[in-house]
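The model shown is predicted, which means the values in this text are computed figures rather than measured ones. The figures that follow rest on heavy atoms only: side chains count, while hydrogens, waters and symmetry mates do not. Here, residue 1 is the first one in the sequence, and each next residue gets the next number.
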Amino acid sequence: MHRFTRATLRTAIQRAPAFIPKRAIRWLDDELLRNPVTTTASTRFGGRFPVTTSDIIQRYLYTFGTWEPHLTAWITHRLKTGDTFVDVGANIGYYTMLASHLVGPIGHVAAIEPAPRFHQHLQATLLLNEARNVRAIDQAVAAEPGRVEMFLADPGNLGGTSTVRPRHVHDAFHVDAAPLPDILTPSEVRNARLIKIDVEGAEAAAVQSLAPLLGLLRPDAELIIEVTPRTLAKQGLEVEDVIGPLRAAGFHIYRIANDYDPTTYPTAIGAPEPPRRWEREVTEMSDLVFSRTDATHL
């Protein structure tokens, strides 16, 4: 009975999310977490992903056919055929595949994902989608070349894998690491239209290593960075260590809405919000967009 109910409800959510009661969405989310499904999910942009619904990203792809709807919509409107997209912290490759679809065969995507489990998943996704315009790179971003240890705290949120040790460690492993300019090719830096950095606390190292090359970026290049004040503080760093070099290079700061409550997804899918100018202190985990465009919103 539950299997039929889950399938029926998921179909209804995908077809008309705005008409599904919140309690039904919460029930399905909890059901897919407690009784995971392993299958192939299709996204709203046409990508296909191997998923197991015990992980939040994979569960939302299975349920809604999308991840982070506000950011997905903005990237969809920003990238054009022939562009280059840099995905730092690609995870299972959702934004990698979205960009691959948008930039087309003459465009290029550099997908950086050091965690062996995710990198294998990413490669399987690229093979499944026959994505030939993607270069997959299995290195972590760090201030200096070498090896770093990475930690997973919550197996239900694989995207939280970080180089910063959490209070409770579920898994740990070592990976190769290097500064971002050593990982990317000169062409990828020079031609990047969007650079997404989601590295769970290593964003300061990523930005500071990229800082000497900011002047080489194309004039319309924009960066999307998940900033995590608490994780930065554990390393003796501040949010200013991330945003300072970009502000000095002429970038303005915008904040894009993001909510991981599944009941917010129907509204976000139907009416995504653009990044809005942000001039206040960043005190909580935030998705920030850095752009040379000077406006109230992007």
With a cut-off of 6.0 Å (strictly less than), are more than 12 heavy atoms of other residues, nucleotides or ligands near [atom1] of [X]?
X      : atom1 : answer
Arg230 : CZ    : no
Glu144 : CD    : no
Arg48  : CZ    : no

Would Leu232 and Val227 count as a side chain to side chain contact (heavy atoms under 4.5 Å, CB included) here? Give the steps. CA-CA 8 Å; Leu232 289 168; Val227 178; 4.1 Å; yes

Tell me whether [X] contacts the main-chain N or O of [Y] through its side chain, where contact means a donor paired with an acceptor under 3.5 Å.
X      : Y      : answer
Gln58  : Ser54  : no
Gln208 : Asp241 : yes
Gln139 : Glu113 : no

Validation row: Trp67, Tyr95 side chains within 4.5 angstrom (heavy atoms): yes

Modelled atom types, side-chain donor and acceptor of Thr66 and Tyr94, under 3.5 Å: yes

Identify which one of Trp74, Trp278, Phe251 satisfies the side-chain contact (heavy atoms from CB on, under 4.5 Å) criterion when paired with Val289. Trp74

Candidate list Ile224, Asp87, Leu210, test side-chain contact (heavy atoms from CB on, under 4.5 Å), partner Ile195, passing option: Leu210

Classify the ring geometry between Tyr265 and Tyr60 as parallel (under 30°), tilted (30 to 60°) or perpendicular (over 60°). perpendicular

Please say which of Arg193, Arg218, Arg135 ends up in a salt bridge (Lys or Arg N to Asp or Glu O under 4.0 Å) with Glu188. Arg135

If Ile, Leu, Val, Met, Phe, Trp and Tyr residues are connected whenever their side-chain heavy atoms lie under 4.5 Å apart, and connections chain through other members, are Ile92 and Phe45 in the same group? yes

Determine, using the 4.5 Å side-chain heavy-atom cutoff (strictly less than), whether Leu214 and Ile253 are members of one ILVMFWY cluster. yes

Can we say Asp176 and Arg147 salt-bridge, meaning some charged N sits less than 4.0 Å from an Asp/Glu carboxylate O? yes

